[in-house]
Amino acid sequence: MQDSSESTHEFSVGQRVHASGDSHRIGTVKYVGPVEGYSGTWVGVDWDDGEGKHDGSIKGIRYFQAKFDRSGSFVRAQNLSKGISLLEALKKRYQSDSTKDEEDEMYVLSTSNKRVSIQLVGKDKINDKLSRFEELTSASLSCLGVSSPGTPCHINTTVPNIKELDLTWNLLSEWKDIGTICEQLPNLETLNLTSNMMSPYKSDLPLLKSIRVLVLNNTSVDWGQVELLKQSLTAIEELHLMGNSISRILPMSSSMVQGFDSLRLLNLEDNCIAEWGEIMKLSQLRCLEQLYLNKNSLNSLFYPDKSSQYESEVASYKPFQNLRSLLLGDNNIGDLVSVDSLSLFPNLVETRLSGNPLTDSARGGVPRFVLIARLAKIQILNGSEITPRERKESEIRYVRLVISKLHTNPEEVKQHPRFSELKKFHGIEDERPSVGPTGPQTIGSGFLSITLKCVGASMGEKPLLTKKLPATTTVGKLKNLCESFFKLQSMKLKLFLQEEGSPLPVLLDNDMSSLMDVGIGNESIILVDEES
């Protein structure tokens, strides 16, 4: 299967390539050689976007294994590009006249993989300045097919002052090339390599000593590679590792991750971590302030007690001592014990819990006010600041909710560690059951003042309506009352609770729940909508 065609000598298995004329269509060479039934030599490519023709086999003969059923295809060498150098990309982006399509593609990629468009105001002046490479401090070379540094000594003399470099969606794969780029750019502090498929180390570690922000989202980097990298990342402050299928945190020489003495932010979103014990291996990172764990597979979390294996050898240092932000959205967390453990983190003031079963009202999740009441130190929940007023109202509503449950189940108090503290703090007295004409009455029999607001498109303009209703009124009963109040008998209604600080209203989808059960308190606003 030796290739006799000069053009295919450029390509080898494992090489990153893009389609000729389309630097956005990127893939990995998986095979070079003949294909039975077809003349000449072919290059088998596994395309990143999954848009190929087969899985690497044709007519029952397997030539390579593609990642997906239809992500592979065979291509003639002349229809592929091995890419260009960093210096060639700089000249192409900043010293050539850009087309309308190329201007549409000019953007900065944020560390969360979101495109932020660049508006070309005073284009001619900008182009004039950018064409003088010695003045360039930030460069975006995304989707240009960069596959190599070019002549090393020319990089430093051409762009000596680069501090931020965006190389997303290119063809880089060798760490020695990254090391060459960083070595030639002594002022480089921010490097974005998102969607470059990085190969494991094959030689000496790259020199990354000036890098403060490194983005390795969707690069196939595992934690073993991160452990090797940290020896070079002596100044790293932010490390982004989204979308790398990481499931284990594997420290190199001990049970806990060591080093990273300047690391403040670690982004592990969109990975496959299922066990909180893996996260605890990060608990001795002294400077860590922000830990992003959204879109993993975590079922629960805990904070260790003093006798656990996670305690530092230095008695004065607690696990996650300086952590201020812990984002846990879109996991599988479903228990309030995990929520309560967040209060044990010494300096935690921000968390995200949205997208978990715990907060899903359709699955019996708890409303925002319950989370606020249980989390004494949290100041920002699900991206929204908790105002002093919202905290006070949430804690009072929470206490009254618990009191209403204690009359039927005194053991309930064991599930609410802050209940006694909050009850005393807000001066809320127990309301003992009294006997009414229909039997024992509890605090749940008290009346709530709520405001009803019609928002349905076909309801017409209707004035706000404030009503006093028993706290035991069910959601289903309230729907019936709204039909009567607003004369909406022909409509099927759905109700939402509009909460302060919550970006979206909460759907009240359980007709059997009482107003108290779903967290509706005095002066709550209920949105009345129609089923679509």
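As the structure is a prediction and not an experimental result, all values here were calculated from the model. Basis for what follows: all heavy atoms, side chains included, without hydrogens, waters or symmetry-related copies.
Under the rule for a ring-ring contact (aromatic ring centres under 6.0 Å, His included), Y292 has no partner lying at least two apart in sequence or in another chain.
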Item to complete: Just do the side-chain hydrogen bond (donor to acceptor under 3.5 Å, both in side chains) check on T28 and R16 with the steps written out, would you?
Response: CA-CA 5 Å; T28 302; R16 299 283 286 166; 2.8 Å; yes
Practice prompt. Begin from the C-alpha positions of C182 and L208 and carry the test side-chain contact (heavy atoms from CB on, under 4.5 Å) through to its verdict.
Written response: CA-CA 6 Å; C182 293; L208 308 173; 3.3 Å; yes
Practice prompt. List the steps, then state whether side-chain hydrogen bond (donor to acceptor under 3.5 Å, both in side chains) holds for D340 with S343.
Written response: CA-CA 6 Å; D340 295 335; S343 296; 5.8 Å; no
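The backbone N or O of N382 lies less than 3.5 Å from no partner atom in the side chain of R368, so there is not a single donor-acceptor pair. When atom types are taken as modelled, the side chain of N271 and the backbone of N296 share no donor-acceptor pair closer than 3.5 angstrom. Listed for the N480 side chain is no donor-acceptor partner under 3.5 Å among the backbone atoms of K477.
The closest side-chain donor-acceptor pair between S325 and Q290, if any, does not fall under 3.5 angstrom.
Ion pairing between K295 and E269 fails under the 4.0 Å rule for side-chain N and carboxylate O. Salt bridge absent: E289 and R324 never bring a charged side-chain N and a carboxylate O closer than 4.0 Å.
Within the 6.0 Å centre-distance limit, the rings of F345 and Y303 are counted as a close aromatic pair.
The stretch residues 504-527 participates, sequence neighbours left out, in no ring-ring contact (aromatic ring centres under 6.0 Å, His included) pair at all.
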